[in-house]
Amino acid sequence: MANKVKKILSLVLVAILGVNLAACSNQKKKAAATTPSAQTILTKAQNTNLKNMKATWKQTSPSGQILQKASAKYSKNPLVVYANFTTNSNHYKMWIENKTNYIQMQGTDTNKWFKTKLTKASSYAQLTDDLAKSTLLTLSTSNANLFKTKQTKKGYEVYYHGNNKKLWNEIIQNSPVTSVIGVDLNKAKPKKINIKIRTNKDYKLKSVLIGADYKDGSKDKKLSMKIKDINKLKKLEVPASIKKNAVNLGNMAK
């Protein structure tokens with residue numbers, strides 16, 4: 001009798017387990033069926049109205065030593081940008097308001113701010129023009145098949161892990177990366193690339209996270225780029241003290 005009870009219990013447990021596994025499998029299939037393709041998410045995310053955002057770039061050695069880093073806050077209307085750049089030999093801060101540039105070169109014999117007018121050829125102007133576009137790395141639809149997708153609690157995530165050279169070229173040819181970090185297009189070879197692009201349920205862009213290990217000639221380096229706080233920043237304004245006290249380089253040249 002005891003053996004019969006054990007067999008019945010075993011059969012019941014197997015049946016329950018089978019039902020649970022079938023339910024889990026159906027849930028996974030349903031989730032996979034309802035998750036949009038990477039191309040759909042990337043294409044729709046490009047239509048996000050980017051009003052403001054925060055971006056950070058960093059280049060490090062394998063040991064974590066910072067070689068170059070930069071951060072920027074961007075507001076589209078009115079156009080205001082704050083940027084803070086650091087390299088081995090230089091460190092400067094910058095404000096841009098429409099076509100006016102305020103800059104402070106640290107490490108010199110003065111801590112004064114200087115005021116100049118931006119030109120179309122200015123790399124700073126290019127940075128402001130392309131910062132919003134860089135959010136999606138100008139990913140072409142031909143690369144969408146490299147990405148996988150998944151649902152998150154608040155939307156979708158498009159992600160990639162690998163070392164695809166075509167995708168790597170799109171990353172380092174992106175003008176903010178080249179003008180801020182200065183990756184050598186001819187020497188840099190990808191070793192490992194990680195990308196995460198997140199949107200909400202309406203495909204509005206939330207963040208872009210990029211990490212890459214690469215070889216620069218004979219040296220191993222790491223590159224990271226993060227764009228976040230999209231459309232969440234408070235109003236950006238150039239501090240009144242900077243506007244008031246900045247030395248106008250245009251007047252000095254006359």
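Since we're looking at a predicted model, the values are computed, not measured.
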Nearest-0.5 Å distance that lies between atom NZ in K189 and atom CG in D216: 10.5 Å
Mind checking the OG-NZ spacing from S75 to K234? Nearest 0.5 Å is all I need. 14.5 Å
I'd like to know whether K154 forms a side chain to side chain contact (heavy atoms under 4.5 Å, CB included) with N200, so could you lay out the CA-CA distance, the side-chain angles of the two residues, the decisive distance to 0.1 Å, and finally the verdict. CA-CA 6 Å; K154 297 183 179 180; N200 64 15; 5.7 Å; no
What residues, two or more places apart in sequence or in another chain, satisfy side chain to side chain contact (heavy atoms under 4.5 Å, CB included) together with S71? T56, N84
Which residues pass the salt bridge (charged side-chain N to carboxylate O under 4.0 Å, His left out) test with K192, sequence neighbours left out? D213
Any heavy-atom pair between the side chains of I195 and L167 that's under 4.5 Å? yes
Which residues share a side chain to side chain contact (heavy atoms under 4.5 Å, CB included) with I242, sequence neighbours left out: W95, Y102, W113, V238, P239
Spatial distance of atom CG (L236) from atom NZ (K54) [nearest 0.5 Å]: 11.0 Å
When the ring planes of Y92 and F85 are compared, do they come out parallel, tilted or perpendicular, using 30° and 60° as the limits? parallel
Just by distance, do the side chain of T199 and the backbone of A45 share a donor-acceptor pair under 3.5 Å? no
In terms of relative ring orientation, are Y156 and Y203 parallel, tilted or perpendicular, with 30° and 60° separating the classes? parallel
How many angstroms lie between NZ in K226 and CG in L209, if you round to the nearest 0.5 Å? 6.5 Å
Nearest non-hydrogen partners of N143 and K166, listed with the distance: OD1-CD, 3.6 Å
Rounded to the nearest 0.5 Å, how far does OH of Y82 lie from NZ of K73? 8.5 Å
With clusters defined by side-chain heavy atoms of hydrophobic residues (ILVMFWY) lying less than 4.5 Å apart, directly or transitively, does F147 cluster with M225? yes
Side-chain contact test, heavy atoms from C-beta onward, threshold under 4.5 Å: evaluate it for N101 versus M94 and give yes or no. yes
Following the transitive rule for hydrophobic clusters with a side-chain heavy-atom cut-off under 4.5 Å over Ile, Leu, Val, Met, Phe, Trp and Tyr, establish whether L205 and Y159 coincide in one cluster. no
In one Ile/Leu/Val/Met/Phe/Trp/Tyr side-chain cluster, 4.5 Å: L233, I227: no
Heavy-atom pair of closest approach, residues A38 and A144: CB-O, 3.5 Å
Apply side chain to side chain contact (heavy atoms under 4.5 Å, CB included) to I41 and T149, showing your working. CA-CA 9 Å; I41 296 172; T149 64; 3.9 Å; yes
Just verifying a value: how many Å separate K228 NZ and K206 NZ, rounded to the nearest 0.5 Å? 13.5 Å
For a 4.5 angstrom cut-off between non-hydrogen side-chain atoms, does K165 reach P190? yes
Are the side chains of K215 and D220 in contact, using a 4.5 Å heavy-atom criterion? yes
Can you check whether N52's main-chain N or O pairs, donor with acceptor, with N231's side chain at less than 3.5 Å? yes
Determine the minimum heavy-atom distance between L50 and K76, stating which atoms define it. O-CD, 3.4 Å
Do K115 and T100 touch side chain to side chain, with heavy atoms closer than 4.5 Å? yes
Which heavy atom in E157 sits nearest to a heavy atom in T152, and how many Å separate them? CB-CG2, 3.9 Å
Distance-only polar pair, side chains of K221 and S61, donor-acceptor under 3.5 Å: no
Is there a donor-acceptor pair closer than 3.5 Å between any side-chain N or O of Q104 and the backbone N or O of K93? no
Minimum heavy-atom separation for A55 and W57, please, with both atom names. CB-CH2, 3.7 Å
Between I197 and L42, is any pair of side-chain heavy atoms under 4.5 Å apart? yes
